[in-house]
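In what follows, every heavy atom counts, from backbone to side chain, and hydrogens, waters and symmetry copies are set aside.
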Amino acid sequence: MPLQSVKLKAAIDETPESTNVSFAMEHDLIQMGLTGLAAIHANLSPAQLYEEALQRQEVELSADGAVVAKTGQHTGRSPNDKYVVKDATNADQIEWGKVNQPYETANFNALKQRITEYLKGKEVFVQDLYVGADPAYRMPIRVITTNAWHNLFARNMFIRPTAEQLAQGHEPAFTVLHVPEFQTEPAIDKTRSGTFVMLNFGQKLAMIGGTSYAGEIKKTIFSVMNYILPTKGVLPMHASANMGKGDANGEGGGDVAIFFGLSGTGKTTLSAEASRTLIGDDEHGWSDTAVFNFEGGCYAKAIRLSAKQEPEIYAASRRFGTVLENVVMDPQTRKVDFDDATLAENSRSCYPVDFIPNSSEKGMGGLPQNVIMLTCDAYGVLPPISKLSTEQAMYHFLSGYTARVAGTEKGVTEPTATFSACFGAPFMPRPADVYAKLLGEKIAFHKVNCWLVNTGWSGGGAGVGQRMPINVTRTLLRAVLNGELAKAEYRADGTFGLMVPQACEGVPSDILQPRTMWKDKEGYDATAKKLVSLFADNFKKFETKVGPEVVKAGMGQ
């Protein structure tokens, strides 16, 4: 068992008040330069972290038992403030650029020294955790935060060791040092702003500051796994996954399905299907033998969350242990209002995955039978579902397309296309074709069925057409997962070169053909042609990195 409250005798400036701190952990913190701390709170339980966070007025308690945190000006990631230390080991391994901005080792070390000086006399919270449910690829990590609620977030988000595992010793392979109140000085630290998300693979250390948005912790560790796993033949995926009920313990095949998709396309909603077992809602690995969750928790979008549309997620978001981020709450009744976007459109709910009743105990399933790529097409021209060849799957994986609804800025009246390679470019340190080739190899070898699903608009773009009914999407996906749609008759779409089913029981046949849903046929043709052009322009950067068959597979070429 971890040591109970003790004062440790150590060769540091002052011995901190410590809870549950092993001598090995204390030694590691000293080696990092974390000396002179006022207190170290290690591996506290949710109830203990609640007490600490409420006492420090970091959060408020909701009527349902969840804690509610506000993150200030940063209510989402800061992709322009992400840096990777460039050294001899990774200089030719990383796709350097806007996503992975190179950073000097000397600057990193100087910043680290300033942070450790800043932390003297302060309290820190430490959680020893794992990432990767498959024991063959599991990585021990450590998350150090200055706020109790961020520590609870990390505890919810990653895989929690048992007391026995902690007693056996926990040697982190990667550490996250999270100091949201600390800001860099751009002129000194060579950063764009006071916000920073920094990865140093050589030192196995990430440092995050200048932002309280908790998702930075989660996505930083995801980036680490995305760098490490391809060298082991494992495809890391920004995707949710579920499986048939027959294999709730992760044994055997289990009818596994993978759902790729950018934020807002329905990964979390569509994978939390009551009739199936949830493996995880966001980050997974695909090895030669299994699909496994990286995490031990979920980070679901909370805006307009409803008991009717998403009952499992809604219930999980209204219980003790959950962290609600930027969700509006009545100050008197303490009831939360998931429909209120005053604080953020990107409000979030973070809870352990086992808060979902049908979640997998092991966080693992067998090899997938279906790969589903989700896109929210706000132009309203893509079919609700289409079947992809291996080459088409690689093309759409590299494209990573979705389209967002036009904003409120004056003069902006059309949807905005978004292309994010591998459905997660901001988290992929290696070149995108590394991941795409791994995907293609696994699809071909395991003979996996691949599908493109539009959860966006039908009958016209946003503002003209209607949002694709979720019951239609669910019916189509059930037909995919029970094997019925694989037997359907298909016809090639003349615009995008996609194979579209002619019929699916329970779905109106007209909705399967997007052009028939448009009153303005010429408007459809013009909009579809525009989207084809956007795809082609975006894909030019990949044409020399993949085979000609993949290039030709795109957009009906």
Side-chain angles (χ1 to χ4, degrees), residues 53 58-59 69-85 98-101 103 108 111-112 115 118-119 124-127 129 131 141-158 172 174-184 186 189 191-201 204-227 236 238 262-263 281-283 294-302 323-327 343-350 420 424-429:
E58 298 172 1
V59 297
K70 298 176 183 178
T71 64
Q73 64 172 328
H74 293 282
T75 59
R77 292 181 302 101
S78 300
N80 296 324
D81 296 305
K82 179 183 173 184
Y83 304 88
V84 180
V85 173
K98 287 185 177 181
V99 170
N100 301 296
Q101 300 178 75
Y103 198 70
F108 182 90
L111 178 58
K112 177 183 173 184
I115 291 173
Y118 161 82
L119 288 173
V124 296
F125 297 84
V126 185
Q127 284 288 329
L129 302 157
V131 58
I141 63 171
R142 176 168 289 158
V143 180
I144 304 169
T145 68
T146 54
N147 291 329
W149 85 262
H150 284 114
N151 220 238
L152 177 60
F153 171 91
R155 192 182 192 282
N156 282 354
M157 203 68 255
F158 299 112
F174 219 92
T175 297
V176 175
L177 181 57
H178 186 260
V179 285
E181 295 84 9
F182 181 95
Q183 294 203 354
T184 57
D189 299 306
T191 54
R192 188 189 68 90
S193 71
T195 300
F196 59 96
V197 179
M198 293 190 178
L199 272 168
N200 189 324
F201 289 107
K204 299 179 180 178
L205 174 66
M207 301 191 303
I208 302 170
T211 172
S212 289
Y213 177 65
E216 297 285 16
I217 299 172
K218 162 190 166 70
K219 291 304 184 186
T220 294
I221 289 298
F222 185 39
S223 297
V224 173
M225 296 296 274
N226 289 336
Y227 180 72
H238 186 213
L262 298 173
S263 178
D281 82 324
D282 195 47
E283 301 172 7
F294 286 171
E295 301 174 314
C298 300
Y299 193 41
K301 276 210 166 201
V323 176
L324 297 177
E325 199 175 40
N326 297 316
V327 172
L343 293 176
E345 182 72 21
N346 188 40
S347 58
R348 295 278 178 165
S349 174
C350 174
S420 183
F427 326 119
M428 304 295 174

- What one should report as the nearest heavy-atom pair of Arg348 and Ser263 is NH2-OG, 3.6 Å
- Message: Any non-hydrogen side-chain atom of Ser347 less than 4.5 Å from a side-chain atom of Leu324?
- Response: no
- Taking atom OG1 of Thr211 and atom CZ of Arg77, what is their separation to the nearest 0.5 Å? 11.0 Å
- Query: Which value, rounded to the nearest 0.5 Å, describes the distance between Asn200 atom CG and Leu111 atom CG?
  - Reply: 11.0 Å
- Query: Given side chains that start at C-beta, do those of Met198 and Val85 come closer than 4.5 Å, heavy atoms only?
  - Reply: no
- Task: Take Phe294 and Val224 through the test side-chain contact (heavy atoms from CB on, under 4.5 Å) and record every step on the way to the result.
- Result: CA-CA 11 Å; Phe294 286 171; Val224 173; over 6 Å; no
- Query: Met157 and Ile217: side-chain contact (heavy atoms from CB on, under 4.5 Å), yes or no, with the steps?
  - Reply: CA-CA 9 Å; Met157 203 68 255; Ile217 299 172; over 6 Å; no
- Item | Interatomic spacing from CD in Glu181 to OG in Ser212 - rounded to 0.5 Å | 6.0 Å
- Phe201 vs Val84 side-chain heavy atoms within contact, under 4.5 Å: yes
- Message: Within the 4.5 Å heavy-atom criterion, are Cys350 and Lys218 side-chain neighbours or not?
- Response: no
- Query: Between the side chain of Glu283 and the main-chain N/O of Glu295, is any donor-acceptor distance below 3.5 Å?
  - Reply: no
- Message: Is it the case that the side chain of Thr75 and the backbone of Tyr213 share a donor-acceptor pair, with hydrogens and angles ignored and the cut-off at 3.5 Å?
- Response: no
- Message: Using a strict threshold of under 4.0 Å (side-chain N to carboxylate O), is an ion pair present between Lys219 and Asp282?
- Response: yes
- Note on the structure: Between Ala53 and Ala148 the two heavy atoms that sit nearest each other are N-CB, 3.7 Å
- Query: Within a reach of under 6.0 Å around NZ of Lys70, are more than 12 heavy atoms found that belong to other residues, nucleotides or ligands?
  - Reply: no
- Message: Run Leu205 and Phe108 through side-chain contact (heavy atoms from CB on, under 4.5 Å) and show every step you take.
- Response: CA-CA 10 Å; Leu205 174 66; Phe108 182 90; 3.9 Å; yes
- Asp81 side, atom CG; Gln101 side, atom CD - distance, nearest 0.5 Å: 7.5 Å
- Would Phe153 and Tyr299 count as a close aromatic pair, with their ring centres under 6.0 Å? yes
- Item | Validation row: Val176, Ile141 side chains within 4.5 angstrom (heavy atoms) | no
- Task: Walk me through it: do Val126 and Arg142 pass the test side-chain contact (heavy atoms from CB on, under 4.5 Å)?
- Result: CA-CA 7 Å; Val126 185; Arg142 176 168 289 158; 3.7 Å; yes
- Message: Within the 3.5 Å criterion, strictly below it, is a donor on Ser78 or Thr195 matched to an acceptor on the partner's side chain?
- Response: no
- Query: Taking the side chain as C-beta and beyond, is there a heavy-atom pair between Lys301 and Asn346 under 4.5 Å?
  - Reply: yes
- Message: Taking Pro429's backbone N and O only, do any of them form a donor-acceptor pair with Asn226's side chain (distance below 3.5 Å, no angle check)?
- Response: no
- Message: Distance check, rounded to the nearest 0.5 Å: Asn151 atom CG versus Gln127 atom CD?
- Response: 4.5 Å
- Message: For a quick test of reading the model, state the closest non-hydrogen atom pair linking Trp149 to Glu325 and the distance between them.
- Response: CH2-OE2, 3.4 Å
- Note on the structure: Between His238 and Phe427 the two heavy atoms that sit nearest each other are CE1-CE1, 4.1 Å
- Which pair of non-hydrogen atoms, one from Asp281 and one from Gly297, has the smallest distance, and what is that distance? OD1-O, 3.8 Å
- Query: Any idea which heavy atoms bring Pro186 and Gly194 closest together, and the distance?
  - Reply: CG-N, 4.3 Å
- Query: Between Phe196 and Phe182, what is the ring plane arrangement, given parallel below 30°, perpendicular above 60°, and tilted in between?
  - Reply: perpendicular
- Message: Once rounded to the nearest 0.5 Å, what's the spacing between atom OH of Tyr118 and atom OG1 of Thr146?
- Response: 5.5 Å
- Task: Kindly indicate whether the side chain of Pro180, heavy atoms from C-beta on, has any atom under 4.5 Å from the side chain of His150.
- Result: yes
- Message: Does any part of the side chain of Met428, heavy atoms only, come nearer than 4.5 Å to the side chain of Val99, both counted from C-beta?
- Response: no
